[in-house]
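Start at 1 with the first residue, then count along the sequence. Values below: all heavy atoms of this structure, side chains included; hydrogens, waters and symmetry mates excluded.
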Amino acid sequence: MRPTAIVMNMFYTGLGIARSLGAQRIPVIGLTAKRGIYGNYTRYATLQICPDSREEPEALLPFLLKLGAELHGRAVIFPTRDDDVLFLDRNRELLSRYFELVLPRTEVVRACLDKWESYLLACQSGVESPRCWMVQDEQDMERAVEEVSYPCVMKPLSSHLWRQHDNWERVGGRKAIAVDSRQQLLAEYAQVSLADSRVLIQEMVLGGDDQLFIAACYMNRDSQLVASFTAQKLLQCPAGFGTGCIVQTVDRRELVEPAARLLRNMGFSGIAEIEFKWDAACSRYKLIEVNPRPWDQHALGRASGVDLIHIAYCEHAGVPMPAIGAGEPGHKWIAEDVYLTTALRMIWKRDPQIRSLFALARGKRIYGIWSSRDKRPFLIYMAKFVLQLIRMVLRRIRVALGRPLRNKTSAP
């Protein structure tokens, strides 16, 4: 029997991992702290409710150690969020007794998650990147505002820092902040520093979200490139600094060499998503970030013949590698939950751009939730969506009916 795969969290990323490996008849255990989410209902994984790596890491460790001791052989464990990566890295020594971690070395994890370190390594590796400024306190900010050009972007030093505790509310629920002036930069920093005084200021690469490209790579234990494919974001929600809602595979093989060079210089091993943006002003791709784990749209690899998840499992489980394709372009991944709510909002507002939204979704498609071979996650999602929609409509009806009554009773 092949080693078990453990998937941390069952949202898009985890559900995609379970389907990739489960379709190969590999036993999969899906870990979740969220009861009732769509991924919990996949037929490709056995579900286990457990503590969350972000909220209860101290409780998750004994849970995993107990699970590992009960399994036959060493399981292969996949993180799906930065919090999972940090949790596995912090507890690497204990967890390595029972698990093969799909994770690079500690210093590489730090270099990927710390945007300043990523920037310095990109410069050392000769990989184009927007100019960056490291800010750790108000004095650093005073120096930076004298050099920064506008527009620019303010980002967390590490993405997970803005999601800890109540930081997400303090930063206004934003992954990054577009800044147009010195005055705005100082004002935004004053607000953001309530969550974390350390930020990265980055030169903004102008252009739409469709100028964002991905080099998806698997690097083996010797930091050699084994497989890759490239993709393009067609739609982000929200626009500018959101999550890819429609992403398609494309032939941008020129991105693979600089991505692999950076990863080799890091000493990276495992799955990486490297994001670039095309800078039309200088006709070059510029590095945006390095993601050291599976990400939402990784299932595009399986659809296009380069299943990075299965490849990673095989190396870590010590079983023969699968055949690796060339990465066929033209496959689209759609986050149908975000797409659906966006479409309904545009229809409600009679937005003429709705036709463009429908056009973007045409072609060979796979989805974040829907699968014809694994229908229950989508059916559960839709049942809850319809229920929420009914509740929202009833709430608005009650408000509409109550307004004339209140106006009447309050009249002199």
Side-chain angles (χ1 to χ4, degrees), residues 11-21 23-24 78 80 207-219 225-237 239 242-260 262-263 270-278 285-314 321-339 356-374:
F11 294 98
Y12 297 141
T13 307
L15 178 57
I17 294 172
R19 285 171 170 167
S20 170
L21 301 180
Q24 304 295 329
F78 289 85
T80 66
D209 291 343
D210 60 353
Q211 296 305 297
L212 289 165
F213 296 87
I214 294 163
C217 302
Y218 183 74
M219 309 292 284
L225 180 67
V226 173
S228 65
F229 68 90
T230 53
Q232 176 185 17
K233 290 188 178 182
L234 300 181
L235 179 68
Q236 282 197 139
C237 295
T243 300
C245 178
I246 303 179
V247 180
Q248 73 171 357
T249 54
V250 292
D251 184 1
R252 295 294 175 112
R253 66 191 71 185
E254 64 270 24
L255 294 175
V256 175
E257 192 281 326
L262 174 59
L263 294 173
I271 296 169
E273 179 215 23
I274 303 91
E275 187 172 301
F276 295 87
K277 189 167 186 180
W278 174 252
Y285 294 101
K286 291 189 175 179
L287 177 73
I288 301 300
E289 65 179 1
V290 179
N291 192 352
R293 56 171 175 79
W295 68 106
D296 286 350
Q297 303 90 20
H298 69 80
L300 281 170
R302 179 159 59 103
S304 63
V306 188
D307 190 345
L308 300 183
I309 302 299
H310 192 200
I311 293 167
Y313 170 84
C314 289
M321 286 281 188
I324 300 173
E328 182 185 32
H331 293 270
K332 291 182 180 180
W333 181 95
I334 300 175
E336 67 269 47
D337 53 343
V338 179
Y339 183 87
S356 299
L357 182 69
F358 291 152
L360 284 177
R362 293 176 187 149
K364 293 179 285 189
R365 301 181 297 272
I366 60 171
Y367 296 90
I369 305 173
W370 166 257
S371 168
S372 61
R373 296 183 178 181
D374 187 28

Spatial distance of atom CG (D209) from atom CD1 (I246) [nearest 0.5 Å]:
11.5 Å

So do P329 and S304 actually touch side chain to side chain, heavy atoms under 4.5 Å?
no

To the nearest 0.5 Å, how far apart are CG in L263 and OH in Y218?
12.0 Å

What distance do R252 atom CZ and Y285 atom OH have between them, rounded to the nearest 0.5 Å?
3.5 Å

How far apart are the C-alpha atoms of Y12 and W333, what are their side-chain angles, what is the distance that settles it, and do they pass the ring pair (Phe, Tyr, Trp, His ring centres under 6.0 Å) test?
CA-CA 11 Å; Y12 297 141; W333 181 95; 5.2 Å; yes

Given the rule in the side-chain contact (heavy atoms from CB on, under 4.5 Å) test, do K233 and Q211 qualify, once you have shown the distances and angles that lead to the verdict?
CA-CA 7 Å; K233 290 188 178 182; Q211 296 305 297; over 6 Å; no

Would the distance check show the side chain of E275 and the main-chain N or O of F213 forming a donor-acceptor pair, the cut-off being under 3.5 Å?
no

Is the shortest heavy-atom distance from the side chain of C217 to the side chain of L225 under 4.5 Å?
yes

Contact summary for L15 and G368, nearest pair of heavy atoms
CD2-O, 3.6 Å

Partner of Q248 under side-chain contact (heavy atoms from CB on, under 4.5 Å), picked from H331, K332, Q297, is K332

Any side-chain to backbone donor/acceptor pair from E273 onto R293? Under 3.5 Å, distance only.
no

So which atom in G325 and which in V306 form the shortest heavy-atom distance, rounded to 0.1 Å?
O-CG2, 3.6 Å

Pairwise distance CD1(I366) to CZ(R302) - rounded to 0.5 angstrom
7.0 Å

Between T230 and V250 (side chain of the first, backbone of the second, donor and acceptor by atom type, cut-off under 3.5 Å), is there such a pair?
yes

Which atom of T13 lies closest to which atom of W295, heavy atoms considered:
OG1-C, 3.3 Å

CG (D210) and NZ (K277) are apart, to the nearest 0.5 Å, by 9.0 Å

Any donor-acceptor pair under 3.5 Å from S20 side chain to I309 backbone
no

Are any of the side-chain heavy atoms of I311 and M321 separated by less than 4.5 Å?
yes

Are side-chain heavy atoms of H298 and L300 found at a separation under 4.5 Å?
no

Nearest heavy-atom pair of I274 and A259: which atoms, and what distance?
CD1-CB, 4.1 Å

Under the 3.5 angstrom rule, does the side chain of T249 hit a backbone N or O of G330 as a donor-acceptor pair?
yes

G244 and V247: which non-hydrogen atoms are nearest, and at how many Å?
CA-CG2, 4.1 Å

Once you round to the nearest 0.5 Å, how far does CD1 of I288 lie from CD1 of I214?
11.5 Å

Minimal heavy-atom distance between G327 and F229, with the atoms involved, is CA-CB, 4.4 Å

Could you check whether D307 and Y313, counting side-chain N and O atoms only, form a donor-acceptor pair closer than 3.5 Å?
no

Strictly distance-based, threshold 3.5 Å: is any side-chain N or O of R19 a donor or acceptor partner for the main-chain N or O of I17?
no

